[in-house]
Amino acid sequence: MPLTRRNFAKRSALTGASVALAGSVDVLATAPGAIGEEVPDTGPDGTADGRAAGYGPLLPDPDGILALPAGFAYRIITRTGVTRLESGESTPSHHDGTGTFAGHRGTTLLVNNHELKGPRADWPHPVPLAAGLVYDPAAAGGCTVVEVARDGSPVGEWVGIAGTSTNCAGGTTPWGTWLTCEETEDKAGRNGMTKDHGYVFEVDPHDRKAGRHPKPIKALGRYAHEAVVVDPRRGHLYLTEDASGPNGLFYRWTPPKGFEHGRGRLRTLADDAGVLAAPKCFDSGGRFVDDLSRATEAGTVYGVDWIDVPDRDARTVSVRNQFGAGEVTRARKLEGMWWADGGAYLVSSYAREESPVRHDGQVWFYDPRRRTLTLKVLLGVNPDPGTDGALDGPDNITVSPYGGLIIAEDGEGVQHLFGATEDGRTYPVARNELNIGTADAPEFSEFTGPVFSPDGRTLFANIQEPGIMLAVTGPWKRIRRQK
């Protein structure tokens, strides 16, 4: 039954206290401008402040790669131009979304996206065209699978899929595979491509033969995919679109009746299997919300109805352009996602002139049971992104086993991994110190793919350019609410 604007407004009126409570007790941010500032690590007298979140100030790295708190250390797992695949080629560049899986005898397997757009000739280190694993031989992107030993040492790296384009984020599945997402709408004949792109593909890190003869999961639509999560209870998949002109959409795919998920099952689906839909949001007063940037206070709750996509393969018109004004709710730069707490966390990195209201980042939580979107994190516009401290541009995201969120920053200026607690505090986890610019005009690449090892002891993350996978270890601790 659709959750109509009238029903949501009526329910909000009848249970206004509980709706407000649900949007405030679990909130991860305060008003715009209040978040985005690091919590001080000491009290006014210079002693340790028990209220402070996180692990203390970041210490400069003498090797100029990664600043970390005291007691933490990092290890380089892969590095473009330095480490090699089992087949002998260099590790591909532009590391992006990453998933972790438990391997044999205590090892960890990681599937690492490589966000390489367009023809292979444009990139010095594309994903090698491994026999049997190629979708489009003209495309540069794909995934590699990395194996890390129990002691943290790298064991090997091999191609998981090749010949895909702009593999940005993606998501793990409950059955132990990785869904890699193409953030492009290039069709055959455009940008040198020989096949249509803009799809999701499945990669099995445990079975090298499972990915032979790659097949796009067309049932999930063709658009500028960013990330995907799976609802393990209902079987729905939720997906984000990073696009503009107009802004992109948040999607839900409902499987066909009787479909059972499992390894390799998605690629057996018919191209039009299930239902792909986009959200139509409305506030507690029953008013339609055209764009998620309208929410200017953390704790804002929107009701969600789902509107079917007319042509999911976008044969003539891109999916987001198939809806007119007033039909769906959009958002700028919808990015990473993570399934936890019975729902989907999703990120809008920023909003500028193309959106109704400007911001430097939002994190939302979709509750499928209540059919609501709740704004959990709101970053006010960062007035000085070149100064270390303020945060902007959240991108990839993971839920920490120690509480709260770990978020990769893809903003302007200094780039961080940062945490957000359940009660509105932010704290730094790492800072990128690898300057890919010049001394006079420094430039620091974004962080991508933060994800913990299956045992929770290691945080893996990437510096996208030139392409470095890092393993961070240290005295992780439970980040508690402030009393």
Side-chain angles (χ1 to χ4, degrees), residues 54-55 65-66 68-69 71-79 83 91 95-114 143-158 160 169-180 203-208 227-230 232 263 336-341 345 395-408 416-420 427-430 432 447-464 467-479:
Y55 303 94
I65 295 177
L66 194 69
L68 293 168
F72 283 79
Y74 69 88
R75 186 171 194 164
I76 294 176
I77 303 299
T78 67
R79 184 167 185 167
T83 56
T91 292
H95 299 33
D96 211 289
T98 307
T100 57
F101 307 85
H104 295 298
R105 299 179 180 178
T107 64
T108 296
L109 298 174
L110 301 101
V111 183
N112 188 200
N113 281 356
H114 297 277
C143 299
T144 54
V145 182
V146 180
E147 186 175 13
V148 177
R150 185 193 300 268
D151 65 3
S153 60
V155 175
E157 182 180 15
W158 58 91
T172 58
T173 68
W175 50 92
T177 63
W178 173 253
L179 299 177
T180 182
V203 177
D204 190 336
H206 303 278
D207 185 351
R208 301 195 190 195
V228 56
V229 296
V230 180
R263 287 186 176 176
M337 301 181 72
W338 197 267
W339 183 271
D341 305 323
Y345 290 90
D395 196 315
N396 292 167
I397 186 173
T398 188
V399 172
S400 170
Y402 303 95
L405 306 173
I406 300 293
I407 302 170
H416 299 86
L417 291 173
F418 67 95
Y427 59 93
V429 175
N432 178 9
F447 279 106
T448 62
V451 59
F452 279 88
S453 58
D455 63 9
R457 296 179 180 179
T458 304
L459 173 64
F460 294 95
N462 311 301
I463 296 175
Q464 188 173 70
I468 302 176
M469 178 184 287
L470 302 156
V472 178
T473 55
W476 301 109
K477 64 181 181 181
R478 183 73 183 174
I479 303 297

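Keep in mind that this is a model prediction, so the values were computed, not measured.
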Please report the C-alpha distance between W338 and L405 in whole Å, then the side-chain angles of each, then the deciding distance to 0.1 Å, and finally whether the side-chain contact (heavy atoms from CB on, under 4.5 Å) criterion is met.
CA-CA 10 Å; W338 197 267; L405 306 173; over 6 Å; no
Give a yes or no answer on whether the side chain of S400 reaches the backbone of G404 with a donor-acceptor pair at less than 3.5 Å.
no
Measure from the side-chain N and O atoms of R79 to the backbone N and O of M469, and report whether any donor-acceptor pair falls under 3.5 Å.
no
Heavy-atom closest pair (P69 atom, V429 atom, distance to 0.1 Å) is CD-O, 3.3 Å
Can you give me the closest heavy-atom contact between G336 and I397, atom names plus distance?
C-CG2, 3.7 Å
If we ignore angles and hydrogens, is there a donor and acceptor under 3.5 Å between the side chains of T91 and T83?
yes
Within-4.5 Å side-chain heavy-atom neighbours: V399 and Y345:
yes
Under 3.5 Å, is there a donor-acceptor pair between the T144 and H95 side chains?
no
Shortest non-hydrogen contact from R478 to G403?
NH1-N, 3.3 Å
side-chain hydrogen bond (donor to acceptor under 3.5 Å, both in side chains) test vs Q464 passes for just one of D395, T448, N432, D96, namely D96
Taking C-beta and beyond as the side chain, do C143 and N112 meet within less than 4.5 Å on heavy atoms?
no
Any heavy-atom pair between the side chains of I76 and L470 that's under 4.5 Å?
yes
Parallel, tilted or perpendicular: which describes the rings of H206 and F101, with under 30° parallel and over 60° perpendicular?
perpendicular
Report yes if the side chains of M337 and V228 come closer than 4.5 Å at any heavy-atom pair, otherwise no.
no
Within this structure, what is the CZ-OG distance for the pair R150 and S453, rounded to the nearest 0.5 Å?
11.5 Å
In Å, rounded to the nearest 0.5 Å, how long is the span from CZ of F460 to OG1 of T108?
5.0 Å
Please determine which of V148, I77, V145 meets the side chain to side chain contact (heavy atoms under 4.5 Å, CB included) test together with L110.
V148
Taking all non-hydrogen atoms of both residues into account, name the closest pair between P454 and A102 and its distance.
CG-N, 3.6 Å
Looking just at side-chain N and O atoms, do N462 and T98 make a donor-acceptor pair shorter than 3.5 Å?
yes
Mind listing the closest non-hydrogen atom pair of G176 and D204 along with its distance?
O-OD1, 4.3 Å
Over all atoms of both residues, closest heavy-atom pair of P205 and V111
CB-CG2, 3.8 Å
Tell me yes or no: between the side chains of W178 and N113, is some donor less than 3.5 Å from an acceptor?
yes
Rounded to the nearest 0.5 Å, how far apart are OG1 of T107 and CD of E147?
4.5 Å
From Y55 OH over to Y402 OH, what is the distance, rounded to the nearest 0.5 angstrom?
7.5 Å
Point-to-point distance, once rounded to the nearest 0.5 Å, from CD1 of I468 to CZ of F447
10.0 Å
Before you tell me yes or no, could you show the steps for I65 and Y74 under side-chain contact (heavy atoms from CB on, under 4.5 Å), namely the whole-Å CA-CA distance, both residues' side-chain angles and the distance that decides it to 0.1 Å?
CA-CA 10 Å; I65 295 177; Y74 69 88; 3.5 Å; yes
Applying side-chain contact (heavy atoms from CB on, under 4.5 Å), run through L68 and V472 and close with a yes or a no.
CA-CA 9 Å; L68 293 168; V472 178; 4.0 Å; yes
Cation-pi between R457 and W476: NZ/CZ under 6.0 Å from ring centre and within 45° of the ring axis?
no
In Å, rounded to the nearest 0.5 Å, how long is the span from CG of L459 to CD1 of I406?
6.5 Å
